[in-house]
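So that the names make sense, note that chain A is the first sequence line, chain B the second, and so on, each numbered from 1. Hydrogens, waters and symmetry mates play no part in the numbers below; they use all other heavy atoms, side chains included.
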Protein chains: 2
Amino acid sequence: MKKTDNKTPITRIQKQKRLVILEAALEVFSKNGFRGSTLDQIALHAGISKPNILYYYASKQEMHKELIERLMDKWLAPLEEMNAKGDPIAEISAYIKRKLEMARDYPRQSRLFNNEILQGAPHIIDLLNGELKDLVDEKAKVIANWMKQGRLTKTDPYHLIFSIWATTQHYADFDVQICAVLGNDEAIKNRFIKAEKHLYQLFVRSLEVG
Amino acid sequence: MKKTDNKTPITRIQKQKRLVILEAALEVFSKNGFRGSTLDQIALHAGISKPNILYYYASKQEMHKELIERLMDKWLAPLEEMNAKGDPIAEISAYIKRKLEMARDYPRQSRLFNNEILQGAPHIIDLLNGELKDLVDEKAKVIANWMKQGRLTKTDPYHLIFSIWATTQHYADFDVQICAVLGNDEAIKNRFIKAEKHLYQLFVRSLEVG
DNA sequence: ATAATTTTTGACCATTTGGAAAAATATTAG
DNA sequence: CTAATATTTTTCCAAATGGTCAAAAATTAT
């Protein structure tokens, strides 16, 4: 068995182990941020020894880098799917739904992203200024067009998108607070269903014309 | 000069130094979180030596604790001010305004809070389950009453409050991303004015009856 | 089986970090 | 001024941390 390259995993076992490690790293990084996380914590979560982690990833940085890279693809997708030719209200509702599902299904990724932003986005600032900005510019134009056509109430498209990001990601990033405030088990269990209803109403009622 | 107690600062110089240190600590903690921050970083920001910091604060923990305590008072105030006897739309608009002003004027406090929540709120979980929950319960009742009286469109009061928290704090916590996406200087300069307009429209239009 | 290769780990290292102790310096009281 | 007190810094330490290395264990190929 040859190890042709230490970057790309070849064997199935290598892929699996790298995934196990990434999973543990996500758990730790998303909670403590990059600086606040230790290899020991990650090793503990992964159930292997610290040097074994460094056998698969050359450094703590490299693990974090791969996590962030994988994250960004997934992060941009929901907005990319917004279709200029669809019905404005339906498209925006669907976007909210997608983002809320991401908050529900990938809360740790959301927190990883939040942590990165809090620290000044050192690893993704170029991406924010480039890919992300381009994508938002494009979709903001789409929304602005809908508004010009009288199919949506006029408001600032950029800040509209910010509001959608904020409200949906809040359910991942501030989950502890939300559960604390909701208090009773039933409300906690239904929090994402309730959130969806509320957000639909919030955005649709304010964007519907007339 | 007597040092009666090492908890409460007596002299003006002690108060000043403690403030300088807290200021530096806020700067560092809000960016890197508790674990990710070092006494050296704080000392550097404060312009004094590390042991000198520990002369005023017994430990890193104690500094963080005082910051969090000071923060929470300020954090609950805007919601407390919401008046059951006022006009619903005006009260909610004013609440949004207050929260947005906090995001604008105290972004580091907002990020400190965000960091604490991301880490599972270890230092304030009791406060969230106690004071915060009680306050939100009370205000949610007020809002629910307004809705029952037909003065606001019905929606879940808790999730309405969450939405206001999310949208306003987003402008502090995700400032890097917002500035990156807005790109041009003019839009960045006006971001809080634009945000206020947009949020008023978002919430007022969706909550107004009829 | 056995040799070659891959995977895993225990022992170790240099640096960073939170913090202690004590000496040195500055300030204030008399 | 002098003594008492308060502040600051220099020096140091033990633990934690990111990472190395060689040996051991497991796997694979023949």
Rounded to whole Å, CD of A:Gln16 lies from P of C:dT6 at a distance of 18 Å

Could you state the atom-to-atom distance from CZ of A:Arg18 to P of C:dT8 in whole Å?
13 Å

Option among B:Glu131, B:Lys133, B:Lys139 that satisfies the side chain to side chain contact (heavy atoms under 4.5 Å, CB included) test with B:Leu135
B:Lys139

Does the side chain of A:Gln14 get closer than 4.0 angstrom to OP1 or OP2 of C:dT7 through an N or O atom?
yes

Under 4.0 Å: is that the gap between some side-chain N or O of A:Asn52 and OP1 or OP2 of C:dT7?
no

I want to check a possible cation-pi pair here: B:Arg104 against B:Tyr171, using under 6.0 Å from ring centre and within 45° of the ring axis as the test.
no

What's the CD1-C1' distance between B:Ile42 and C:dG19, to the nearest Å?
13 Å

Identified side chain to side chain donor-acceptor pair (under 3.5 Å) counterpart of A:Glu27 within the set A:Gln41, A:His45, A:Arg108:
A:Arg108

Five-pair end axes of the helix from C:dA1-D:dT30 to C:dG30-D:dC1, angle between them (10°):
10°

Sidechain-backbone polar pair: A:Asn184 side chain, A:Ala187 backbone, donor-acceptor under 3.5 Å:
yes

Could you check how far NZ of B:Lys15 sits from P of D:dT7, rounded to whole Å?
14 Å

Would you indicate whether B:Tyr200, at its atom OH, is surrounded by more than 12 heavy atoms from other residues, nucleotides or ligands within a distance under 6.0 Å?
yes

What's the NZ-C1' distance between A:Lys17 and D:dA26, to the nearest Å?
11 Å

Atom NZ of residue position A:Lys31 - does it have more than 12 heavy atoms of other residues, nucleotides or ligands inside 6.0 Å?
no

Integer-rounded Å distance: C:dT6 P and A:Tyr56 OH
12 Å

Along nucleotides 15-24 of chain D, 5' to 3', which nucleotides get a B, which get an S, and which get a -, given that the test is a protein heavy-atom distance under 4.0 Å?
--SBBBB---

Is the ring pair A:His123/A:Phe34 parallel, tilted or perpendicular, if the boundaries are 30 and 60 degrees?
perpendicular

Tell me whether B:Lys194 forms a cation-pi arrangement with A:Tyr158, defined as NZ or CZ under 6.0 Å from the six-membered ring centre and within 45 degrees of its axis.
no

Are B:Lys141 and B:Trp146 in a cation-pi contact, defined as NZ or CZ under 6.0 Å from the six-membered ring centre and within 45° of the axis?
no

Short side-chain N/O contact to C:dT7 OP1/OP2 from A:Tyr55, under 4.0 Å
yes

Rounded off to whole Å, could you give me the CD1-to-C1' distance for the B:Ile53 and D:dT7 pair?
14 Å

